[in-house]
Amino acid sequence: MSFLSPLQWIVILAVVLLLFGGRGKVSAIMGDFGKGLRNFKTGLKGDEADATAEDDAEVEVIEAAPAAKKATKKKATAKKAVKKATAKKATAKKATSKKASKKSAANK
């Protein structure tokens with residue numbers, strides 16, 4: 001039986017290649033790891049500080065949304081009312097013009 005089994009040799013070779021296998025691979029890996037930790041820490045700190053601000057902003061947005069819907073409904077209702085009023089005026093004008101034409105035809 002040998003000193004190390006083949007599986008152990010493979011693990012050792014992988015570690016050696018990782019450490020010495022190229023220019024700056026370990027430093028790049030550790031740099032990425034450090035950046036990840038830093039972002040994680042700032043994310044945790046930011047969540048605590050921004051949690052109340054985000055909650056307040058969400059409440060404002062949620063409260064503003066129904067008001068905006070009501071405003072658009074009011075505008076749509078107002079537009080419909082204006083259209084109905086103009087349609088009534090147009091029909092009234094047509095009716096008066098028809099009456100006037102009938103009276104002028106009857107007078108002749």
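All values below come from the heavy atoms of this structure, side chains included, with hydrogens, waters and symmetry mates left out. Bear in mind the structure is a predicted one, so any value in this text is a computation, not a measurement. Numbering starts at 1 and runs along the sequence shown.
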Task: Cluster link Leu7 to Val15, ILVMFWY, side chain under 4.5 Å - done: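 No.
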
- [ ] Identify whether Val16 and Trp9 are in the same connected component of the hydrophobic contact network (ILVMFWY, side-chain heavy atoms under 4.5 Å).
- [x]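 Yes: a chain of side-chain contacts under 4.5 Å links Val16 to Trp9.
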
Task: Spacing of OG1 belonging to Thr42 relative to CG belonging to Leu37, to within rounding of 0.5 Å - done: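 Separation between the atoms: 10.5 Å.
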
